[in-house]
Protein chains: 2
Amino acid sequence: MATLKQPSQVLTFVSPTGEASTPEIDGIVLDVIGRVADKWTMLVLEVLAQHGVQRFTRIGQLVGNISQRMLTKTLRQMEQDGFVTRTVYPEVPPRVEYQLTELGESLCAAFCSVWTWAETHQVELKALREARDRYTTTTL
Amino acid sequence: MATLKQPSQVLTFVSPTGEASTPEIDGIVLDVIGRVADKWTMLVLEVLAQHGVQRFTRIGQLVGNISQRMLTKTLRQMEQDGFVTRTVYPEVPPRVEYQLTELGESLCAAFCSVWTWAETHQVELKALREARDRYTTTTL
DNA sequence: CTGTATCCACCGGGATACTG
DNA sequence: CAGTATCCCGGTGGATACAG
């Protein structure tokens, strides 16, 4: 983001020289977060971390309900970002194996705390959601 | 090494019959991840964590390019999820303040490692991307 | 100031069909 | 097996206008 594009009337107020109160979040970091904060990416990351090198179809099975299209796109993106390696064996039928790179593993480790947080607070979160749902129900 | 978490009950292999018994990652956790892995949510979370209680417009400024619509939606969602509290002061002009709850702060802390990871590897990531972009010079 | 409501363009993502 | 190519629908999110 942060692309050139006259912010017509957005809340932004990027001062010319920066400074002032510009606690803007670093663009690169933000961009990285944007890529990584993808549902399928996180799931594939998880799968490869737990099961090691796997083939295309296998990953799809392990992830769960994911279409070929999304699996392909996700894996390609992850490959581009250097999170996984893609190895094609010139056989017939073809065999393609995916494996986490060290970068991918380190990312996975970083996400571990979030995953743990989700598990730790799932009861609490579920309760909150149900409480909210009770309000939202009758109002329709 | 960097395994995300122990095999626990999260992922299961496909049963011998070919039926995908429980390949899904825990629904609640996945759902939570889905909500939390939102760009704007993460940014607002970050902003509130760093700047403490803030008003609507101010949050918008601190976040950067975010439309009112998205800011409102994000804040509402976060309020529903119990990440922030919303305090309306019956004044004119109106003043509304948002503040992280303890839950929100704990989530933010969990995300800290991801944020740190992004910062730590940003050079590496940038290099990878640029290398890729050079290949993508396949004109139009 | 703090929103809500609307219109609308974009694209994420499922379903399906075809290829090497 | 491991994709690629289309169609297509619904959600995301920006722009704009209006309200309390």
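Lettering follows sequence order; numbering is per chain, from 1.
Residues B:L107 and A:W117 have side chains in contact (heavy-atom distance under 4.5 Å, counting atoms from C-beta outward).
For B:R76 and D:dG13, the CZ to C1' distance is 17 Å, given to the nearest whole Å. Atom CZ of B:F56 and atom C1' of D:dG20 are 15 Å apart (whole Å). As a whole-Å value, the separation of B:R95 CZ from C:dG3 P is 13 Å. Between B:L75 atom CG and C:dT4 atom P there is a gap of 10 Å when expressed in whole angstrom units. What separates CG of B:L71 from C1' of C:dT4 is a distance of 14 Å, to the nearest Å. At whole-Å resolution of the value, OH in A:Y98 and P in D:dC1 are 14 Å apart. Taking atom CD1 on B:I59 and atom P on C:dT2, their separation rounds to 9 Å, with Å as the unit.
If you check D:dA2, C:dC1, D:dG3 against the side chain of B:R55, the one that comes closest is C:dC1.
Checking side-chain atoms of B:D81 against main-chain N and O of B:F83 turns up no donor-acceptor pair under 3.5 Å. The backbone N or O of A:E119 sits less than 3.5 Å from a side-chain atom of A:Q122, completing a donor-acceptor pair.
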Identify all pairs in which a protein N or O lies below 3.5 Å from an N or O of nucleotides 13-20 of chain C, and state each distance.
| from | atom 1 | to | atom 2 | distance (Å) |
| --- | --- | --- | --- | --- |
| C:dG13 | N7 | A:R69 | NE | 3.0 |
| C:dG13 | N7 | A:R69 | NH2 | 2.4 |
| C:dG14 | OP2 | A:S67 | OG | 2.9 |
| C:dG14 | O6 | A:R69 | NE | 3.3 |

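Among the protein residues, B:Y89 comes within range of no part of the nucleic acid, since none of its heavy atoms lies under 4.0 Å from any strand. B:T72 comes within 4.0 angstrom of a nucleotide base, judged by non-hydrogen atoms across all strands.
The aromatic rings of B:F56 and B:Y98 sit tilted relative to each other, their planes meeting at an angle between 30° and 60°.
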**Item:** Steps toward side-chain contact (heavy atoms from CB on, under 4.5 Å) verdict (B:R58, B:V47)
**Value:** CA-CA 10 Å; B:R58 183 60 177 166; B:V47 163; over 6 Å; no
**Message:** I'd like to know whether B:R86 forms a side-chain contact (heavy atoms from CB on, under 4.5 Å) with B:V88, so could you lay out the CA-CA distance, the side-chain angles of the two residues, the decisive distance to 0.1 Å, and finally the verdict.
**Reply:** CA-CA 7 Å; B:R86 178 172 179 267; B:V88 182; 3.6 Å; yes
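Summarising the geometry of B:L128 relative to A:G82, their closest heavy-atom pair is CD1-CA, 4.0 Å, with the distance given to 0.1 Å.
Rounding to the nearest 0.5 angstrom, the gap separating the CZ atom in A:R95 from the OG1 atom in A:T57 is 12.5 Å. Interatomic distance, OG1 of B:T101 versus CD of B:E105, reported as 7.5 Å (0.5 Å rounding).
Where the helix from C:dC1-D:dG20 to C:dG20-D:dC1 starts and where it ends, the local axes point in directions that differ by 40°; five pairs per end, rounded to 10°.
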